[in-house]
Every structure is written in structure tokens, then in C-alpha cells.
2 protein chains.
Amino acid sequence: MLDFDKCPCSGSNLDRLIQPMILMNLAQEDLYGYKIVQRIADSPMFKGNKPDGTGVYRSLKAMEQRGLVVSSWSLDNTGPAKRFYHLTNVGEECLSRWLSTLEEYRKAIGMLLEDVHKACAHTKRGKGD
Amino acid sequence: MLDFDKCPCSGSNLDRLIQPMILMNLAQEDLYGYKIVQRIADSPMFKGNKPDGTGVYRSLKAMEQRGLVVSSWSLDNTGPAKRFYHLTNVGEECLSRWLSTLEEYRKAIGMLLEDVHKACAHTKRGKGD
DNA sequence: TCTGTTATAGGAGAATATCTTATGTTAGAT
DNA sequence: ATCTAACATAAGATATTCTCCTATAACAGA
């Protein structure tokens, strides 16, 4: 029997959205990786299962190489050293582009949802045959 | 300067949704790979840029191994041989599960959209400082 | 006969994701 | 004083997924 929990239909992966989530968090204030992981984990859409920390760190590094953010080590020596990230102008533009992309995503998913609804009704009727 | 067209913010990849799209199409009628590619390409959310055929064929094969669909070569000998796929009961269940997953996706994206909206407004105000 | 469309599919490399491990700091408990 | 747990970053390795290129073959129409 198929293990539905390992099937994408269970919705475990919506990971590309971590990028705009990071940018969105950085638009509000400069943050370091660990904090971002916590913020994302606390967000309603990620309740409980926090994102892979490694992935966030790597995303941040990649974004820095692409010029979306710049980083520097924090000067306050409270706790372990933290690398703070700051959103650049390019990063802001990228984030604003995400707006229309997310709109499109939502629209696309809405349409797909409608179609799947119809299709499910269809198969249920078909079962009686 | 960053090439935004190669940035996920341009929204090229929403590919995991190809799986439910395939299932949804098969819920209506038995189809073969090439036809599914066309259907998806014609759908409003994929206008123009048709999905990679290879990917669809591989998805179908993977789905068959997981028991979501079964396939057989078409008997009518019009044109090249076609492998027709048929949705199984498991496949129907998978599709119905996609319903709630897609709802969650839509909700999550909606929330993220709101947050990004706020964040963008925030940075725009910040620019004046 | 030759070309374009239909139809399926493998190979390879790039990009992503995930799981494990390593390193070091610091706060608080024992 | 020492030990543990939480904080913080990050590399390594594997697994999965995507994408581009290529191969094969049947057929329709010029």
C-alpha cells in the first residue's frame, strides 16, 4: 500500500517559498540565520516542522552571492557570533517581483483546485457504474 | 546585474503541481503522455511554455510504479503507438488528498502574499530616510 | 522520397533538498 | 568547577528532481 505521507500530495514541500519568506523577514529588519529559521518555524504556515537550518544558511549564502543581501558579523558579543544579513536594493526589487509571482501562483493553484474538485466529483460519480 | 529571469522570483518553477495536473486530467479520461503534455500546455496556467515532455513521461512512469495509474498500449493503430494511462483507486485517493494540500498551499501563499505586501510597503517608506 | 509532426524514452549534468556531522559559544544547572 | 542544553554557523554526502540533449520509430502530407 502506498505511503501517502511520503507522497507530495501530503504537501511536505513548498520549499521554494522559503526564499521569499527570508527576503520578507529581512525587509522588516536585519536578522541572522538562526533567527530566521525560528521566525519561519513560528510562522503559521510552518507550524511545528521547522525548515532545515542548513538550507536556510545555504540560501542566505547564495543570495549574498547574487547580491540580494549583504552580511556582516555582529559586533555585540552576546552569545555565539552571529552573521547578520541586510537586504540590498536588488533584494528589495527581487522581493517586489515576488509579489506578482505569488499572485500568479495563487491564481494558478486556485484554478487547479477548481479543476481537481470537478475531477474528484467526476470519479465519484464514475464509481457507481 | 542580476538576471531576474533566471531567478525563482520570476516564477518559472511550480513544477510539483504537474503531478496533480496529470492526475486531474486522467480523472476525466484515459490519456497518453503526449496528449497530457498538450493539455497542460493549453491550460491557462501554462500558457505558451509547455512542460518538459520527458518530465511528464517520467512522472507517469513513477506514478505507475507507485500504483496511482496503470498503463497499456493502445490497440487502435492510428499513428505511432501510444501508451494510455488509467487512474486507479489509489490514484483517485491521491488526487482527493491533493484537494486539501492545494487548499493549504493557497492559504499559505495568501498569507505570505500579505506579509510580502507589508514588507514591501515597509522598505518603500524606509527608502526616504 | 523527404520533411515535419506525433509519440515514447534514455543519458547526463545541473540544481535542489535532506540528512548527518563538526565546531565553538554561552547560560544555567549540579 | 564541570557538565549539559540551547545557540549559531557551516561543510559533506546523499537523494531527489529538473532540464537539456539525444535516440528511435510511425506516420501524414508535400
Side-chain angles (χ1 to χ4, degrees), chain A residues 3 5-22 25-26 30-42 46 49-66 69-85, chain B residues 3 5-22 25-26 30-42 46 49-66 69-85:
Chain A
D3 181 4
D5 293 333
K6 287 183 184 171
C7 178
C9 71
S10 291
S12 45
N13 317 62
L14 199 54
D15 305 282
R16 291 236 168 66
L17 299 186
I18 275 185
Q19 222 215 72
M21 283 209 82
I22 292 174
N25 274 284
L26 289 177
D30 292 359
L31 291 167
Y32 53 98
Y34 196 85
K35 200 79 182 175
I36 294 175
V37 172
Q38 288 181 320
R39 291 270 178 97
I40 294 177
D42 291 345
F46 260 84
N49 52 346
K50 63 172 63 180
D52 184 36
T54 306
V56 171
Y57 289 123
R58 271 200 259 258
S59 277
L60 284 167
K61 204 172 211 179
M63 286 188 210
E64 181 159 34
Q65 279 170 348
R66 296 170 54 225
V69 297
V70 288
S71 75
S72 56
W73 290 100
S74 78
L75 298 177
D76 63 357
N77 31 9
T78 65
K82 314 179 217 333
R83 181 185 287 280
F84 273 81
Y85 285 88
Chain B
D3 181 5
D5 293 332
K6 287 183 183 169
C7 178
C9 71
S10 292
S12 45
N13 318 64
L14 198 56
D15 306 280
R16 293 239 166 63
L17 299 187
I18 275 185
Q19 222 214 70
M21 285 209 80
I22 292 174
N25 273 286
L26 289 178
D30 292 359
L31 291 167
Y32 53 97
Y34 195 84
K35 199 80 182 173
I36 294 174
V37 171
Q38 288 180 321
R39 291 271 177 98
I40 293 177
D42 291 346
F46 261 84
N49 50 346
K50 63 172 61 180
D52 183 38
T54 306
V56 172
Y57 289 124
R58 272 201 260 257
S59 277
L60 285 167
K61 202 172 211 182
M63 286 188 211
E64 180 159 36
Q65 279 169 349
R66 295 169 55 223
V69 296
V70 289
S71 75
S72 56
W73 290 100
S74 79
L75 298 178
D76 62 357
N77 30 10
T78 65
K82 316 178 216 332
R83 180 186 286 282
F84 273 80
Y85 284 89

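First the proteins, then the strands, lettered A, B, ... as listed; each starts at 1.
Side-chain nitrogen and oxygen atoms of B:Y34 include at least one within less than 4.0 Å of the OP1 or OP2 phosphate oxygen of C:dT6.
Contacts between residues 55-65 of chain B and DNA chain C, counted as heavy-atom distances below 4.0 Å, involve B:Y57, B:R58, B:K61.
For the pair B:L31 CG and C:dT8 C1', the computed distance is 16 Å after rounding to whole Å. To the nearest angstrom, C1' of C:dA7 lies 12 Å from NZ of B:K35. Computed from coordinates, the B:I36 CD1 to C:dT8 P distance equals 9 Å when rounded to whole Å. With rounding to whole Å, B:I18 atom CD1 is found 20 Å from D:dT16 atom P. In this structure, B:L17 places its CG atom 14 Å from P of D:dT17, rounding to the nearest Å. The CD-C1' distance, from A:Q38 to D:dA8, rounds to 10 Å in whole Å. We find that CZ of B:R39 is positioned 12 Å from P of C:dA7, with the value rounded to whole Å. The separation between A:R83 atom CZ and D:dT9 atom P is 9 Å, rounded to whole Å.
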Let me have a per-nucleotide readout for nucleotides 21-30 of chain D, 5' to 3', with B, S or -, counting only protein heavy atoms under 4.0 Å.
B----BS---

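Within the 4.5 Å cutoff, the side chain of B:I36 has heavy atoms near those of the B:L60 side chain. By the 4.5 Å heavy-atom criterion applied to side chains, B:I22 and B:L31 are not counted as neighbours.
Here B:S71 contributes atom OG and B:K82 contributes atom NZ; the two are 14.5 Å apart, rounded to the nearest 0.5 Å.
Nearest heavy-atom pair across B:Y32 and B:F84 is CD2-CZ, 3.4 Å. Between B:V56 and B:G33, the shortest heavy-atom contact is CG1-O, 4.2 Å.
Considering only residues two or more places apart in sequence or on other chains, B:R39 meets the salt bridge (charged side-chain N to carboxylate O under 4.0 Å, His left out) condition with B:E29.
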